[in-house]
Amino acid sequence: MLQQFGKGVAITGSGAATPAVSLTNQDLSQIVDTSDEWISSRTGIQQRRLAMPGQSLCELASIAGENAIAMAGIAPEDIDLIILATSTADDLFGTASQIQGKIGATKAVAFDLTAACSGFVFALVTGAQFIRNGVYRNVLLIGGDVLSRWVDWSDRRTCILFGDGAGAVVMQAVESDVADSEVSDTANATLRDRLLGFEIRSDGTQNHYLNLSYKGEAKELIAGVSVEQGNFQPITMNGQEVYRFAVKRVPEVIEKALFRANLTVDQVDWLILHQANQRILDAVAQRLKIPPEKVISNLANYGNTSAASIPIALDEAVREGKIKVGDTIATAGFGAGLTWGAAIFQWGK
Ligand code: ACO
């Protein structure tokens, strides 16, 4: 008799899409009082890509998704679920369904998930649950953001940081059923599950450090009945507090995820952090004693692309041949919410 242990998860394809237009630090110094020297030394960022007017999140996210589906060797019709991690939806009712329609994922259900720069890790963990409980076989996870829409381009403390883009992965079910006569320890049952451990966290008491908030004004409809109408306001951030939070919480959450994975730091082949700031990447790697050659960094070219940054960095490293099948990756997102989270997985089937 077979005992059902659910299914394991494998991440089998990746893709990315970034706008063609870039804005260098030098360009930015024409807009605000800043310099290439200040931005490079404080953040490591040299340029960022910006979506042009009319270029939608749906468009970028769809290309990233199609590339991931192609690498996984399946067809859009095979996708059961699409999760779009974003804070900058084209439509507040949701953008994932538009992507589903655009790429022809005819049988997929699609929804948006918002957890700022932690969004991709949160989506990865959410998608894995649907596979592990046996409901879905093929899940497309996309992280995409067009923060340039919501940046205050006169605020030098924030406008230097952000860029636009989308990245995606395909997550597939791999069987992990074993006959109960073989189950002497449950480790056998999860041997083929490539998501080895995770931990996701939130702390709303620190929400005020990083916001893209709605603000409205009362509008009277009839005597005694008013509603509030308004719009989202540009990003505000307490950079020093966010920095402090990231450097403290990210190593902790990675250690927790590694503990769950029953792995030590030396067994990590690659560290892919949310690409916010090179100084944060360096500080986290140092605290974890992960050598710089294992740290994936591409923020010099793209800036902070929020939910897109991890899958874009992953996709580049896979396509460059750095990351190989079976490599163990520690990834962590952190940002507004405040939210943070880590996942440990092995690349490929
Ligand atoms: N150019 C020149 N000078 C600047 C600039 C700039 N672009 N920005 C700030 N300064 C000035 C400040 O006015 C300040 O001057 P003062 O001392 O005369 O007042 C000085 O530089 C130092 O400013 P700090 O804010 O202390 O600079 P800091 O070293 O903290 O670096 C930074 C700022 C880069 C924003 C850093 O705090 C950081 O990276 N924090 C993390 C931010 C982050 O990652 N946010 C995204 C999270 S992801 C998400 O969820 C969206």
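Order of listing sets the numbers, starting from 1, for every ligand and every atom in it. Counting from 1, the numbers follow the sequence of the chain as shown.
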Who's the nearest protein heavy-atom neighbour of [atom], and how far?
{"atom": "atom 1 (N) of ligand 1", "result": "Thr34 OG1, 2.6 Å"}
{"atom": "atom 45 (N) of ligand 1", "result": "Met237 SD, 3.2 Å"}
{"atom": "atom 51 (C) of ligand 1", "result": "Cys117 SG, 3.0 Å"}
{"atom": "atom 43 (C) of ligand 1", "result": "Val242 CG1, 3.7 Å"}
{"atom": "atom 41 (C) of ligand 1", "result": "Gly239 O, 3.6 Å"}
{"atom": "atom 39 (O) of ligand 1", "result": "Asn277 ND2, 2.7 Å"}

[atom] touched by protein heavy atom at under 4.0 Å:
{"atom": "atom 47 (C) of ligand 1", "result": "yes"}
{"atom": "atom 16 (P) of ligand 1", "result": "no"}
{"atom": "atom 13 (O) of ligand 1", "result": "yes"}

**Q.** Atom NZ of Lys294 with >12 non-hydrogen neighbours under 6.0 angstrom
**A.** yes
Q | CD (Gln267) with more than 12 external heavy atoms under 6.0 Å | A | yes
So, [X] versus [Y]: side-chain donor-acceptor pair below 3.5 Å or not?
{"X": "Asp112", "Y": "Thr86", "answer": "no"}
{"X": "Arg157", "Y": "Asn238", "answer": "no"}
{"X": "Asn133", "Y": "Gln129", "answer": "no"}

Q: Evaluate the ring planes of Phe245 and Trp340, with Trp represented by its six-membered ring, and classify them as parallel (under 30°), tilted (30 to 60°) or perpendicular (over 60°).
A: perpendicular
Q. Hey, mind stepping through Arg279 and Tyr243 against side chain to side chain contact (heavy atoms under 4.5 Å, CB included) and telling me if it holds?
A. CA-CA 9 Å; Arg279 287 194 298 153; Tyr243 187 94; 3.5 Å; yes
Determine, considering heavy atoms only, which of [options] sits nearest to [atom].
{"atom": "atom 44 (O) of ligand 1", "options": "Gly337, Gly335, Ala276", "result": "Ala276"}
{"atom": "atom 31 (O) of ligand 1", "options": "Arg244, Gln240, Arg279", "result": "Arg279"}
{"atom": "atom 33 (C) of ligand 1", "options": "Trp38, Phe245, Trp150", "result": "Trp38"}
{"atom": "atom 29 (O) of ligand 1", "options": "Arg42, Arg156, Arg157", "result": "Arg42"}
{"atom": "atom 34 (C) of ligand 1", "options": "Leu147, Thr305, Leu28, Thr43", "result": "Thr43"}

Q. Atoms of ligand 1 less than 4.0 Å from Ala116 heavy atoms?
A. 50 (O)
Q: Consider ligand 1: state whether an atom of it lies below 4.0 angstrom from any non-hydrogen atom of Ile235.
A: no
Q: Could you tell me whether ligand 1 has any atom less than 4.0 Å away from a heavy atom of Ile39?
A: no
**Q.** Val21 vs Arg49 side-chain heavy atoms within contact, under 4.5 Å
**A.** no
Q | Lys219 bridged to Glu228 by N-O distance under 4.0 Å | A | no
Q | Contacts of Asp266 that satisfy salt bridge (Lys or Arg N to Asp or Glu O under 4.0 Å) - sequence neighbours left out | A | none
